[in-house]
Q: 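My questions all concern the structure below.
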Amino acid sequence: MRKSSKPAALDVLSPRERQVLKLVVEGKTSKEIAAIVGVKPSSIDTYRSRIMAKLEVTNVPALVRLAIRHRLIEL
């Protein structure tokens, strides 16, 4: 039995990274995400870079495909 219903690919992300990922794939800008999360936009850029490295993707469209594939967002 699986210990969690979350997809394995996303298990490498912290809860904050998952939150930022969801907002990124929803099309929010770094400035908008920073206002929601309560950090500087440069911190969001750092989160995005770390997320992409952990998930082994090289661009935002690939992040969107991954998020859809793992049901982080719906169409």
Q: Drop me the distance from Leu66's CG to Glu56's CD, to the nearest 0.5 angstrom.
A: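 Atom-to-atom, Leu66:CG and Glu56:CD are 10.5 Å apart.
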Q: Applying salt bridge (Lys or Arg N to Asp or Glu O under 4.0 Å), run through Arg50 and Glu17 and close with a yes or a no.
A: CA-CA 8 Å; Arg50 287 182 184 163; Glu17 288 169 334; 5.7 Å; no
Q: Could you check whether any side-chain heavy atom of Leu23 comes within less than 4.5 Å of a side-chain heavy atom of Val37, counting everything from C-beta outward?
A: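 Yes, close enough: below the 4.5 Å cut-off.
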Q: Could you pull out the closest heavy-atom pair between Met52 and Leu63, with the gap in Å?
A: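 Where Met52 meets Leu63 most closely, the heavy atoms are CG-CD1, 3.6 Å.
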Q: Is there side-chain contact between Val60 and Arg48, with at least one heavy-atom pair below 4.5 Å?
A: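 They are in side-chain contact.
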Q: Closest heavy-atom contact between Ile73 and Lys22?
A: CG2-CG, 4.2 Å
Q: Consider side-chain contact (heavy atoms from CB on, under 4.5 Å). Of Thr29, Val64, Ile51, Ile33, which one does Val24 pass it with?
A: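 Testing each of Thr29, Val64, Ile51, Ile33 against Val24, the sole residue satisfying side-chain contact (heavy atoms from CB on, under 4.5 Å) is Ile33.
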Q: Identify the two heavy atoms, one from Ala34 and one from Pro41, that lie closest to each other, and give their separation to 0.1 Å.
A: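 Looking at all heavy atoms of both residues, the shortest contact is CB-N, 3.6 Å.
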Q: Kindly give the heavy-atom pair with the smallest separation between Leu10 and His70, and that separation in Å.
A: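 Minimum heavy-atom contact is CD1-CB, 4.1 Å.
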Q: Taking the side chain as every heavy atom from C-beta outward, state whether Val39 and Arg16 have any atom pair closer than 4.5 Å.
A: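 Result yes, sub-4.5 Å side-chain heavy-atom pair found.
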Q: A side-chain contact here means heavy atoms from C-beta on lying under 4.5 Å apart; do Leu55 and Leu13 qualify?
A: yes
